[in-house]
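Below: one structure, written as structure tokens.
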Amino acid sequence: GDSVTQMEGPVTLSEEAFLTINCTYTATGYPSLFWYVQYPGEGLQLLLKATKADDKGSNKGFEATYRKETTSFHLEKGSVQVSDSAVYFCALSDPGGYNKLIFGAGTRLAVHP
Amino acid sequence: DAGVTQSPTHLIKTRGQQVTLRCSPKSGHDTVSWYQQALGQGPQFIFQYYEEEERQRGNFPDRFSGHQFPNYSSELNVNALWLGDSALYLCASSFRGSSGETQYFGPGTRLLVL
């Protein structure tokens with residue numbers, strides 16, 4: 001079945017460091033791909049999305065490119081801030097179903113001053 | 001424009017009891033999906049409601065049931081609670097639930113089963 005694999009956390013960085021969180025997926029067909037962020041004690045917020053191969057999603061300095069050839073959707077940010085500390089989830093939208101989301105296990109990011 | 005709202009925010013129940021969680025979708029949305037997020041894990045899809053019908057279901061037992069009302073709001077019911085049902089329950093809404101449509105999540109209901 002369809003699945004999403006994320007790099008294990010926690011990822012600990014200093015402020016202004018470069019961030020990469022790896023995400024790979026397995027799916028039949030052509031899923032849409034998402035990154036969601038979850039701050040402590042809150043629900044999920046959409047960070048960015050890409051709906052077809054080679055699309056780049058971007059928001060708040062974060063970006064990710066839909067790579068069909070490597071089945072990947074890695075999240076990057078050039079300079080992280082303390083306020084970026086959260087759990088990040090990669091997800092795919094089941095292309096054979098009605099927008100059911102399949103999530104990775106999440107990667108916790110901690111940014112220190 | 002109100003986003004997705006859920007109630008209650010927290011709930012404590014004992015084993016064997018039943019619980020009902022509620023969700024109001026974002027304005028303009030007609031599709032509601034429910035997810036269970038156990039501590040330290042990613043959300044797992046429970047089911048999706050569209051036009052007051054369950055349209056798709058994840059790998060959850062029949063103890064989990066739901067309903068969608070004409071105003072598109074939804075309820076999640078869980079019967080015969082057991083300890084493993086302790087989790088954050090998230091509701092998400094979208095328009096028509098088409099593949100690729102962005103789902104907007106509510107803040108969740110945190111359920112603790114003792």
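Residue numbers start from 1 in every chain, and the chains themselves are labelled A, B, ... in the order their sequence lines are given, proteins ahead of strands.
A side-chain N or O of B/S33 and one of B/Q48 form a donor-acceptor pair less than 3.5 Å apart.
Between A/F73 and A/Y66, the two ring planes are perpendicular [angle over 60°; tilted spans 30° to 60°]. Ring-plane geometry between A/Y36 and A/F103 is classed as tilted, the angle between the planes lying from 30 to 60 degrees on a 0 to 90 degree scale.
There is no contact between A/Q45 and chain B, counting heavy-atom distances below 4.5 Å. Within the 4.5 angstrom heavy-atom criterion, no atom of B/Y50 approaches chain A. Residue contact with chain B, scored on non-hydrogen atoms closer than 4.5 Å, involves the backbone and the side chain of A/L44 alike.
Heavy-atom pairs under 4.5 Å with chain A were tallied for B/Q37, B/R96, B/R110; the largest tally goes to B/Q37. In terms of heavy-atom pairs under 4.5 angstrom with chain A, the leader among B/P43, B/C91, B/P107 is B/P43.
For CD of A/E76, the number of neighbouring non-hydrogen atoms (other residues, nucleotides, ligands) closer than 6.0 Å is greater than 12.
B/D85 and B/R63 are joined by a salt bridge, as a carboxylate oxygen and a charged side-chain nitrogen come within less than 4.0 angstrom of each other.
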